[in-house]
Amino acid sequence: MLSYIFRRLIFDMIPTLVIVAIVSFALIHLTPGDPAVLMLGDTATPAQIAALHAQLGLNDPLPLQFWFWVVRVMHGDLGQSIFLHESVVQGIADHLPVTLELTLFSTLITVLLGISSGIISAIFRGTILDKAMMALALLGLSIPEFYLGLLMALVIGVKLQWLPVAGYTSFMDDPVANLQSMIMPALALGLGQAAFVSRITRSSMLEVKGLDFIRTARAKGTPGGRVILVHMLRNAMVPIVSTTAVVISILMGGATISETIFGIPGMGQLIISAVQNRDYPLLQGAVLVVVVVYVFINLAVDVVYALVDPRVRYS
């Protein structure tokens, strides 16, 4: 297992990060015009433009600029944000935990609702309950995330006033207010993906349900709950785990929409602000960090495969 993780880090993570580093670095040079003028605006003085050129190293040849940038990144220096007036590392450190928290909440909603409803549909296949579950799953897949978020904000936040419409409170400052501020964004993110996980869980459980070892377990008098949770679910977990890995990536990407609708100061808002203000150092650093998170999520999922299914082995 350790050798497999090491190989994944060397042969998958490093090439991916190199490609992302090249692309994110190229962002500042592919845009037509002088990057310094684009960042500072048309009202910038020649002295300000020259100072930014020197700060970003734009006077050096491109290969040399890229090399210096990579060296700084390897030392944990992602540059200075023009928009935030602070280091890019500090800006990301302020916003990344918020997005990770939102992703965690929405993932819990997705997994709990998706797997439980999928199991129920598989056990009661062909019944009214199964059809109702799949109808709800189809409805969840059909409603766009932004529309669901706006609808929840209007009904739950404005009409019923059960939860705050927008804003964010840190868990360290007020755990209850933090939970209240996270419920609607997490639901808006997680419900649609829960429908997707539910359908995958149902299909995977039905494939296992008719196998010989399940009939043998029932014939031996194994309690129904143990048959479902231990024998059926565990052997159906590999496609569910694969789907969950994809869902987590989708949730992190979709967090941008929920953060915008509900005023959550996460990475989505940070990247949008970087694009709007042409803050290229901030955009480069944010994209690089998000990709690193994605890579580690995929690596963690591969490791989970061996934990949920003993048939999976890594040499």
Side-chain angles (χ1 to χ4, degrees), residues 73 76-113 145-146 148-194 244-245 247-277 279 281-297 300:
V73 169
D77 180 10
L78 298 178
Q80 290 293 125
S81 169
I82 309 300
F83 170 65
L84 298 178
H85 304 291
E86 63 182 7
S87 69
V88 173
V89 172
Q90 183 60 49
I92 293 175
D94 292 338
H95 292 79
L96 181 60
V98 180
T99 295
L100 293 179
E101 181 185 359
L102 178 57
T103 303
L104 175 61
F105 272 112
S106 56
T107 300
L108 290 175
I109 291 172
T110 297
V111 170
L112 292 177
L113 291 181
E145 176 193 324
F146 73 90
L148 180 60
L150 291 173
L151 190 63
M152 292 176 62
L154 177 62
V155 176
I156 300 177
V158 177
K159 297 293 184 181
L160 301 177
Q161 297 184 357
W162 288 350
L163 295 169
V165 176
Y168 172 78
T169 303
S170 171
F171 181 82
M172 301 302 296
D173 295 335
D174 190 338
V176 175
N178 173 263
L179 181 61
Q180 291 175 339
S181 65
M182 279 292 176
I183 290 177
M184 282 201 294
L187 284 173
L189 263 178
L191 287 179
Q193 300 306 317
T244 303
V247 164
I248 293 175
S249 300
I250 294 174
L251 291 175
M252 283 199 68
T256 301
I257 299 175
S258 282
E259 288 173 3
T260 302
I261 293 174
F262 295 100
I264 305 295
M267 288 295 292
Q269 277 200 357
L270 186 69
I271 292 175
I272 290 176
S273 299
V275 172
Q276 291 175 340
N277 293 279
D279 192 339
L282 180 59
L283 182 59
Q284 289 172 341
V287 169
L288 191 62
V289 169
V290 168
V291 171
V292 170
V293 174
Y294 282 158
V295 170
F296 275 106
I297 288 175

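Positions are given from 1 along the sequence.
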Exercise: identify the closest heavy-atom pair between [X] and [Y]:
X	Y	answer
G149	A188	CA-CB, 3.8 Å
M182	V98	CE-O, 3.9 Å
A186	L102	N-CD1, 3.7 Å
D77	G79	OD1-N, 2.9 Å
G285	V88	CA-CG1, 4.1 Å
I264	Q269	O-CD, 3.3 Å

Once rounded to the nearest 0.5 Å, what's the spacing between atom [atom1] of [X] and atom [atom2] of [Y]?
X	Y	atom1	atom2	answer
F146	T256	CZ	OG1	15.0 Å
L283	L288	CG	CG	11.0 Å
M184	I261	CE	CD1	10.5 Å
I250	T103	CD1	OG1	12.0 Å
M152	F262	CE	CZ	5.5 Å
M267	I272	CE	CD1	11.5 Å

Is the shortest heavy-atom distance from the side chain of [X] to the side chain of [Y] under 4.5 Å?
X	Y	value
I183	F105	no
Q193	S106	no
T107	V247	no
P281	Q80	no
L270	L84	yes
T110	T244	no
L78	V289	yes

Legend entry - Whether S81 side chain and E86 backbone form a donor-acceptor pair below 3.5 Å: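 No, the answer is negative, given that no donor and acceptor are paired below the 3.5 Å cut-off.
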Inset, instruction - Say whether, by atom type as modelled, one donor and one acceptor occur between the side chain of N178 and the main chain of S170 under 3.5 angstrom. - result: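 No, because the side chain of N178 does not come within donor-acceptor range (under 3.5 Å) of the backbone of S170.
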Inset, instruction - Check the surroundings of atom CZ in F171: do more than 12 heavy atoms from other residues, nucleotides or ligands lie under 6.0 Å from it? - result: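 Check fails, neighbour count at 12 or below.
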Legend entry - Polar contact flag, side-chain donor to acceptor under 3.5 angstrom, T99-E259: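 Indeed, the side chains of T99 and E259 share at least one donor-acceptor pair under 3.5 Å.
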